[in-house]
Amino acid sequence: MPPSAPSGMSYDPADIEARWRERWRQEGYYEADPDEEGDATFITVPYPYPSGGMHVGHARTYTVPDVYARYRRLQGDNVLFPIAWHVTGTPIIGAVERLKKGEEEQLSVLRDTYDVPEETLQDLETPMGFARYFIEEHYKKGLRQLGLSVDWRREFTTNDERYSKFITWQYETLRDRGLLEKGLHPVKYCTNENNPVTTHDLLEGEEAEFQEYTLVRFRDGEGTVLPMATLRPETVRGVTNAFVDPDGEYVRAEVDGEEWVVSREATEKLRLQDHDVESIEELAGADLVGEHVSNPITEDEVLILPASFVDTDNATGVVMSVPAHSPDDYVALREARERADEITQYGIDPDEVRAIEPVPILTIEGYGEIPARDAVEEYDVESQEDPALEEATQELYNREFHQGELLNAYGEYAGETVEDVRERFRDDYRERGAFDSMQEFTGEVVCRCGGDVEVAKQETWFLRYNDEDWMAKTKRAIEGLDAIPDNTREQYTHTVDWLNEWPCIRNYGLGTRLPWDEDFVIEPLSDSTVYMAYYTVAHRIRDIPPEDLTVDFFDTLFYGPDAAANPDERALELREEWDHWYPVDYRVSANDLISNHLTFYLYHHAELFDEANWPRGITIMGMGLLEGRKMSSSKGHVVLPGEAIDEYGADTVRFFLLNSAEPWQDYDWRDEAVSSAHTQLRRFYNRATEVIEGSRGDPDGRAAESSETAEPSRDDGNRETISEPPRDEQDAPDDQPDLRPIDEWLLSRLQGVVRESTEALEGFETRTASQAAFYAMEEHLRWYRRRADLDRPGARWTLRHVLARRLRLLAPFTPFLANELHEALTGESAEDAGWPEVDEAREDPTVEVRESLVESLTDDINDIVNVTGTDPDVVQVYTAADWKRSVFEQVVEQASPRDADRSNGDSRETTGPDVGAVMSEIMSDPDLRERGNEVSDLVQELVEFVREQEDDRLAILEAVDEADVYADAAGFYEREFDADVRVLGETDAEDAARADGAVPFRPAVHIE
RNA sequence: GCGGGGGUGGCCGAGUCCGGACAAAGGCGGCGGACUUAAGAUCCGCUCCAGUAGUGGUUCGAGGGUUCGAAUCCCUUCCCCCGCACCA
C-alpha cells in the first residue's frame, strides 16, 4: 500500500488532489508521443482567449474533452490532448487600453473579480503582459488544478513568431488557390476618431446591425437625382408622392459626377461609403416641398409633400410614399389630404393633394384592394402618433412579405411573393441604373469616445466562403462528420449555405500580419481554423529557426517530399508527427461557434488537407448559468474555478460540471447542487474506505483485487453455465468465496452499469455515464446493503469487486478520487487498470427477475402496513395455486403471436393475447370451466399483465419457482418487518378466503 | 425573419427516438422515524387526491386523433429560451 492510502481519515480532496497533480507532472503522464502503444486519438478544444480570467463556465469547456480523453486512454488509446492560447485581435489590446486609462469598471473586474494583486497591475499594461498574466495565473493554474490531462509541452500563443509562419503558409496557400479576394465591405467607423471600431469599442448600439437601404433614383425636372431610401424596393410601383422634412437641412451635391439632393447628414455617410461627394448648395426641406419628381420605373410624376416623421439622419432623408401598403404612409397621406388647404404655403395646389389615391401593387389574402387602409381601420389608428400604428405596420409588413403576390404590372415578377423576388427585383433594377444602395445601422451607434459611429466601406480581403467548389467540399466534410448531437449537422450545412465572403483582416490587433500587406492583421476567427495541425509539431518546431519556416517548409510538412523542390529534412521528420496524430478525432466546442468558427474549421480542412485528414467529429457544448443567471465577469457574477476547488475539491467541480447535464445541454451552477454533489462524493469516499479497510486483516480480502489487472472477460468464451458463480482466472475459486443469489444480483447489475457507461461515453454522454456509474450503482448498493448479510466473505468480496470496477468507471470524471482509492484497494491506479469490460458471464437475467419479485413483494407488504397502520407480528405470503399457474402459461402461449407480428415488422398492432381466444381455450378444460367467474377474472388480469411484460421477462417468469424465491428471502422479510414470515401455497392456507386472491407473481398477503 | 432547442409532480431534472412493469428515475426542499446528552453527519420510510389491505381517481403546456394501451406516435394551437457576421 502506498503511504497515501486512506486510513479512516475523512475525505480531504486538497490533500489527495495535490499529490496526484504532482505525480502526473513529474511523470509527464499525459505527454503523448507517436511511439506509444494504442490507437492515436487526437482531441482538441478551442484554445482559451486570455483577455480576462477563467470562470467555472470555461472550466467545463475544457473538462468535457478531458473526460473523453481520459476515457479513451482507459480504453487503451494513445491520446493527445493539447492546449494553447489565442491572443489574436483587439480584445486584449482593448482591455489593456481600458486599464491604462484607469477605467473604473475594468479595474474592478481585474481587482475584484479576478483578484489581480495591486502591485501586479502594471505588468498588465502591455498586451502580451496582460495575456501572459492570465495564461499563467488563471488558465494554466486552473486547468492544472482541475486535473486536465494535457500534454503541456505543446503550448504556444497565436502571437508567436513560428505560429505566424504557419498562418502565413495557410494564407499564402489560400490566396494561390484563389480563395481570397479583395473588395469593399461595410464596417463600423467612428467619425470622431476616424477609425474602424469593434463591438468592444462601443458605448451604445452593440445590438445594431447593418441594414441595406435601396435608393430609388427619382429625378426632378432638371435631372437631379432625389434618392428615395426604402427597405421595400418592390413597392416602387405604388409610389404616390414623396416626403421630406420641411424643417430639415438638405444639400445639393455632386455625387460620383451626378447631381443629387439628400439630407446634409447623408452626404457624410455617402462619403464614408465610397462615394465621391461634392456639396454645391444648401437647401431647406421646405424648398423641396411642392416639387415634382419622376419615378424611374413607372415614369409617373409625383409630388413632394412635407412630413415631420421624416428623419434626415436616417439614410438619405428623402422618402417615397406607398400609401396602399404602408400604414405609415397611408395615415400621413390621409392627414395631408385633410389639411390640404394648410399646405398651400408651399405653393401646392390643395386639389392636387386631394387627388392622390393609393396605388396597390400586390394582393394579399384577407385584405381588400388597399391593405394599408384595412390595417389602419382594423387597428383603429387615429394619427401618425398613435402607438397602434407601429403594430399595424409590423403585422402588415410581415404578411405582405410572406404572402403578398405582385400584380401584373410587375411583368416577370407578377404573381410571385415578395419574399421570393425582392432581391432579384432589386438587383435587376440596380443593374439597369434605376436603383442605388446605402448602408445604415438598425439603431444609433456611439463610440466609447463619444463619437458618432457610421457605416463606412473599406477595402478589405475576404475569404470566399461562398465559392461553389469550396462549399461542395465542405459539405462533404459535414456528411462524413460525427456531429454530436446529430441535429447539429443541419446547422453546419445551413451555415455553409448562408455564409458569404468573410472579411478576414483587421486594421490592428495582435496576431499575424497579412503576408503581402503588412498594414493588416489576420483576424481571430480566421487564424484559428487549422491550427490543430500545428499542435502535432508545436513542441519540436521550436528547434527550427523561424526564418526557415517558409511556405515550402510547411508544404513539405503537410503534403510530403514531392510538394517542394528541395524538401527540408526537418520538415519530413515533423511530418511523421503530423501523420501520426491527424486527423482530429473530436473537437469539442460551444454551440454558438457553429455558425462561424466550427464551420470555418471544416472549410479550411476541406480545402487544405486530404479527405483522410478531415475532422472526424465535433461535439457541441451548451451554455452555463450561475444560480439561474448568465455569468458575467463585468458584473462580478462569476465563480472562479480556484475558489470552487478550494471549497469542494476538483473532483466535485468536475463531477458536477459533467453530471448535471449532457455536454450540449445548458447547465446551471447552483451552489446548493454543487455542495450536494460534494456530499455524495464524501459519502462515497467513506464507504469505499470502509470496504478497503474491511479487506485489510481479512484473509478473504487480501489480494482478491490486486491480481485482477487483466480484463475479466477477454477469456470468458469457455464458461459453461451462467447460473453458477463464474470462475475465471482472476477470480480463481480459492479467491472467490461462495456467492449468494443477492451477490450475483449485484454483480449482474454491475454489468448493466458498465455497459451503459461505456455506450454513453462513446457518444460523449457524460451525464448518462456518470449517472449510471455513480447514482444508479449507488441505488443498487443501497438495496444490496439492505437485503444482504454483509458479514459473509461472499458479500465482502462482492463489494470489493464492485468497488474496483466502479472506480475505473469514475476515473474519467473524478480522476483524483478514483485513482487514489483504486490504488489503495488494488495497488494500482484506476487509469493504469483500464476501462472495465462487460463480463457477460456475470449477467444473469434470471437472478434479476427473481430479485424484482422480492422487491415488489416488499413494496406490497409495505403498502399494506402503511395503509392499515398496523405493525404486524406475522406476515403470511400465499403463492398462487397450480391451476392459476397453468392459466398463466396458457395466456403466455397465446401471446406468442406477438413475436410473429414483430418479426414481420409490418404490424405495430401487437395486441398481445386475445382475451376471447384465451378464454375459449381455457374454458375447454372442464375443471377450469367449473370455476366459472373466478377463471374469467383471472384471465382478464393475466392478459393485462402479460401484455405489459417484455418477452424475455415472460420466458424467465415461466421458469421461476415463486415459492422458492420468497422462501429464500424470508429472512430478509423478517428483518425488514420485524415479524414472523410464513410462505405457503394458496391451497395450504388455513383460511382460504385470505389466500384465494393470490395470482401468479402476485402472492396474497395477510398480516396480523 | 432564418436556424436550433424546450414546456413533466413544491423546485431542479430524467423519461419522448424504438408506446406497455409510468403516479412517472434521481436530486433538492418538506414530513416522520432510528442513532446521538444535543446539534451535525449518517441510515430508513413517506411526500398528486381519497383510502384501516397491496386499491381507486386525476395528472406530464392546451385541444383533437390513432391504439386494447400515449408523457411517449399524428394533427392543430399557445407559450418560452438560444444563435445569426466582422464580437471572441
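Owing to the predicted nature of the structure, the values given are computational and were not obtained by experimental measurement. Quick note on labels: first sequence line is chain A, next is B, and so on, each numbered from 1.
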Return the nearest nucleotide to the side chain of [X]; candidates are [options].
X	options	value
A/E672	B/rA85, B/rA88, B/rC28	B/rC28
A/L499	B/rA53, B/rA85, B/rA88	B/rA85
A/E779	B/rG26, B/rA88, B/rC68	B/rG26
A/S595	B/rG83, B/rA88, B/rG54	B/rG83
A/R767	B/rG27, B/rG13, B/rA88	B/rG13
A/E948	B/rG20, B/rG83, B/rG26	B/rG20

If you measure from the [atom1] atom in [N] to the same atom in [M], how many Å do you get, rounded?
N	M	atom1	value
B/rU8	B/rA71	P	15 Å
B/rG7	B/rA62	P	13 Å
B/rA88	B/rC74	C1'	44 Å
B/rA24	B/rG9	C1'	9 Å
B/rG6	B/rC73	P	12 Å
B/rC11	B/rU66	P	33 Å
B/rG29	B/rU77	P	43 Å
B/rG56	B/rC22	P	15 Å

Hunt down the Watson-Crick or G-U wobble partner of [N], both distances under 3.5 Å, from any strand shown, or write none.
N	value
B/rA70	none
B/rG3	B/rC82
B/rU42	B/rA34
B/rG51	none

Rounding to an integer number of Å, can you tell me how far [X] [atom1] sits from [N] [atom2]?
X	N	atom1	atom2	answer
A/E944	B/rG56	CD	P	10 Å
A/Y49	B/rA88	OH	P	6 Å
A/W498	B/rG83	CH2	P	13 Å
A/N659	B/rG26	CG	P	15 Å
A/Q771	B/rG13	CD	P	13 Å
A/E690	B/rC43	CD	P	11 Å
A/Y11	B/rU42	OH	C1'	18 Å
A/L681	B/rA41	CG	P	17 Å

Pairwise 5' ranking along RNA chain B for A/L525 and A/A998, keeping only the more 5' one: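 This one resolves to A/A998.
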Pair A/T88-A/D527, side chain to side chain donor-acceptor pair (under 3.5 Å): steps then yes or no: CA-CA 8 Å; A/T88 306; A/D527 85 336; 2.5 Å; yes
Distances for protein N or O near nucleotides 44-52 of chain B N or O, under 3.5 Å:
residue : atom : partner : partner atom : Å
B/rG45  : OP1  : A/R786  : NH1          : 2.6

Output field: ring centroids A/F656/A/W669 closer than 6.0 Å: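 When the ring centroids of A/F656 and A/W669 are compared, they turn out to be within the sub-6.0 Å range.
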ring-ring contact (aromatic ring centres under 6.0 Å, His included) assessment of A/F134 paired with A/Y139: CA-CA 6 Å; A/F134 283 107; A/Y139 280 94; 8.0 Å; no
Candidate pair A/F600 and A/W502, rule ring-ring contact (aromatic ring centres under 6.0 Å, His included), full reasoning: CA-CA 10 Å; A/F600 298 174; A/W502 180 270; 4.7 Å; yes
Closest approach of A/L598 to A/A590 (non-hydrogen atoms, all atoms of both residues):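 That closest heavy-atom pairing would be CD1-O, 4.1 Å.
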Heavy atoms of other groups near A/E941 CD, more than 12 under 6.0 Å: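 Result for CD/A/E941: open.
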